[in-house]
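The sequence lines fix the lettering, A, B, ..., with proteins before strands; numbering per chain opens at 1. Quick caveat, the model's predicted, so the values are computed rather than measured.
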Amino acid sequence: MSISTIDPSLRHQRREQALMTLLAAPAVLVIVALVVIPVGWLAAQSVYDNGFTLEHYRRIFTEEVYWRSFALTFRIALMVTLLTLLLGYPVAYAAAHAKRPWNVLILACVMLPFWTSVLVRAYAWLVLLQRTGVANQLLERFGLTTEPLAMVHNELGTVIATVHILLPFMVLPLYSTMQKIPRELMLAGASLGGGPLYSFRHIFLPLSLPGVVAGLTLVFVLTLGFYITPELLGGGRTVMISMVVSRNVELYAQWGAASAVGVVLLVCVLAIFAAVGRIIPLDKMLGQK
Amino acid sequence: MKTSLLPRLAFGLLIGLILIYLMLPVLIIVPMSFSSTRFLTFPPPALSLRWYAEYFGNPNWMQGTRMSLMLGVLTVLIATPLGTAAAYAISNAQNRLMRSLHMVLMLPLIVPIIIVAIGIFFVYAKLGLIQTLTGLVLANVMLGLPYVITSVVAGLQSFDKTQEMVARSLGMNRLRAFLTVTLPQIKASVFAGAVFAFISAIDETIIALFVSGGQYQTLTKRMFTALRDEIDPTIASISTLLTAASFLLVLLAMSGQKKEA
């Protein structure tokens, strides 16, 4: 085998690879300039304040304000994730099994809010849940309450609106997984004497688990980084991590503290994605968006 | 599978309630935008276009709207070719380098946006890009790229690449082969990606909060600051228009994609 016979194809392959890298370069450059460098800068800033220091991290882990905010954020994320699963699973099941036109109607009801601006929805929930809002009017008319409930400007309002915004991120991966489960398997289960509940528990549920994992991950991670909804519906008292970051910058000009909190949040998010990525490829998970 | 009537009815009722919860914001905002009073009472005392007049008559809202539209168009004009080129590279070269580049390109969907926002604010402060159109457009191109890339990569997956090879073996250069053979067949995916990038630019709030200002305030930034202070029904009319517009755009993008499939 002489070198000259391999060379042209190898050279061609090299050239092809170089061309593809060149084509991707402008897009990669934009991401590097506007995500990688800014985030890297923050990371550097979190440990550098006139010399190397871990003071900002020490404060995050010892001062109660930070600690409480992290605990609150994780608690809200957990609540939101469980609620979206509880609401999303039956909806995805119905969408995957209902006949036309019902399945189209169900999917339309999931997609319309999905494409509605987050600000628009936060506004709607403010209107619905305020003291003089429709929800309180109805509760009182039906005699369920005697005075208006505080459903907004607190944790409850934040959870109601966040669940609403993230429900499609649960329904869509669930739906696409459930759609691929062959109907015959359930029929086979039934023909072998399994009742509907038995077949569901032992056939359908395990097969839908990849969708469940994808939905849980997306919703949990997205809630960790939520900003607009808690800022508008939390009434200044439900201080989630991203609000701690922005306040440290906007109100107190504490760049080091903001950066350190941001880095911890980012590490949490990346760790969760990396852990789940071992089970489900990341691009499949993000493809749902 | 035969199930008795009662559990089926209960299940249907449950689904109905969840769907109402999903639709509630849209159901509440549209009537409110046509209400004659600033309070939401049922039934609304009278219908009026008062809040639409308020929106169209207010120079601040109009300026924000123009700014957002311009931002959306500029973002699409830059993000679409950049994203399409990257998607072409990703689907043609399945080597390790390109796979890791693909992951890098998806970073805007992974990194919490507040972290990106303050990072950008900090970098822009050094470069003098705060409160500039250039700065805003660049940030929105970054946010829009993953949408264009995801959509075009999906379109290229269902496209038979040998067609482009044939065109090239018949003497077309690569660019011409792409433009005359490949692009026409994936144009619906490119269009869908462009639409999603546009919607994301119009909707973006958090980065705009940090880097836009002065004469370059976007509509969403004005809405956010207005919402923080009070419940202003003008926002109901803006919200109705925004929802209708994004819904129409998505329908347009989807109908194009269906034809392609």
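- Only the side chain of B/M98 comes within contact range of chain A, with heavy atoms under 4.5 Å apart.
- Looking at B/L227, both its backbone and its side chain come within 4.5 Å of chain A, counting heavy atoms on both sides.
- A/V118 has its side chain out of reach of B/T205: every pair of non-hydrogen atoms, C-beta onward, lies at least 4.5 Å apart.
- Only the side chain of B/I15 comes within contact range of chain A, judged by heavy atoms closer than 4.5 Å.
- A side-chain contact (heavy atoms from CB on, under 4.5 Å) with B/I235 is found for one member of B/Y55, B/W51, B/W61 and no other, namely B/W61.
- Contacts of A/V91 with chain B are made by both backbone and side-chain atoms, with heavy-atom separations under 4.5 Å.
- In this structure, the portions of A/L126 lying under 4.5 Å from any heavy atom of chain B include both its backbone and its side chain.
- Between chain A and the options B/L107, B/V104, B/V116, B/V250, heavy-atom pairs under 4.5 Å are most frequent for B/V250.
- Ranked by heavy-atom pairs shorter than 4.5 Å toward chain A, the options B/I118, B/T243, B/V123 are led by B/I118.
- The aromatic rings of A/Y93 and B/F11 sit perpendicular, their planes meeting at an angle over 60°, well past the 30° parallel limit.
- Contact annotation for A/L270: only side-chain heavy atoms (C-beta onward) come within less than 4.5 Å of a heavy atom of chain B.
- Only the side chain of B/L14 comes within contact range of chain A, with at least one heavy atom under 4.5 Å from a heavy atom of that chain.
- Ranked by heavy-atom pairs under 4.5 Å with chain B, the list A/E231, A/Q17, A/H164 is led by A/H164.
- In this structure, the portion of A/W255 lying under 4.5 Å from any heavy atom of chain B is its side chain and not its backbone.
- Heavy atoms of B/L138 lying under 4.5 Å from chain A belong to its backbone as well as its side chain.
- When A/L224, A/V261, A/I160 are compared by the number of non-hydrogen pairs under 4.5 Å with chain B, A/I160 comes out ahead.
- Only the side chain of B/L145 comes within less than 4.5 Å of a heavy atom of chain A; its backbone N, CA, C and O stay farther away.
- The part of A/V36 that comes within reach of chain B is its side chain, from C-beta onward, which places non-hydrogen atoms under 4.5 angstrom from that chain.
- Counting heavy-atom pairs closer than 4.5 Å to chain A, the top residue among B/L24, B/I90, B/L242, B/L17 is B/L24.
- Interface summary for chain B: among A/A95, A/P168, A/P113, A/G225, the most heavy-atom pairs under 4.5 angstrom belong to A/P113.
- Of the atoms belonging to B/A154, not a single heavy atom falls under 4.5 Å from chain A.
- At a 4.5 Å heavy-atom cutoff, the contact between A/I228 and chain B is made by backbone and side-chain atoms alike.
- Residues B/V26 and A/L112 are in side-chain contact: their nearest non-hydrogen atoms beyond the backbone lie under 4.5 Å apart.
- A/V269 touches chain B through its side chain: at least one heavy atom from C-beta onward sits under 4.5 Å away, while N, CA, C and O do not.
- The ring-ring contact (aromatic ring centres under 6.0 Å, His included) test applied to A/W41 returns B/F122, not counting sequence neighbours.
- Classified by interplanar angle (parallel below 30°, tilted 30° to 60°, perpendicular above 60°), the ring pair B/F224/A/Y227 is parallel.
- Both the backbone and the side chain of A/L119 come within contact range of chain B, with heavy atoms under 4.5 Å apart.
- Residue contact with chain B, scored on non-hydrogen atoms closer than 4.5 Å, is absent for A/I241.
- Under the side-chain contact (heavy atoms from CB on, under 4.5 Å) criterion, A/A124 pairs with B/P25, B/I28, B/I29, not counting sequence neighbours.
- In this structure, B/L143 and B/E204 have side chains that are in contact, with non-hydrogen atoms separated by less than 4.5 Å.
- Put simply, the side chain of A/Y89 does not reach to within 4.5 Å of the side chain of A/V171, judged on heavy atoms.
- In this structure, no portion of B/L249 lies under 4.5 Å from any heavy atom of chain A.
- For the residue pair A/S46 / A/S259, no side-chain donor-acceptor distance below 3.5 Å is found, with atom types taken as modelled.
- Contact annotation for B/I18: only side-chain heavy atoms (C-beta onward) come within less than 4.5 Å of a heavy atom of chain A.
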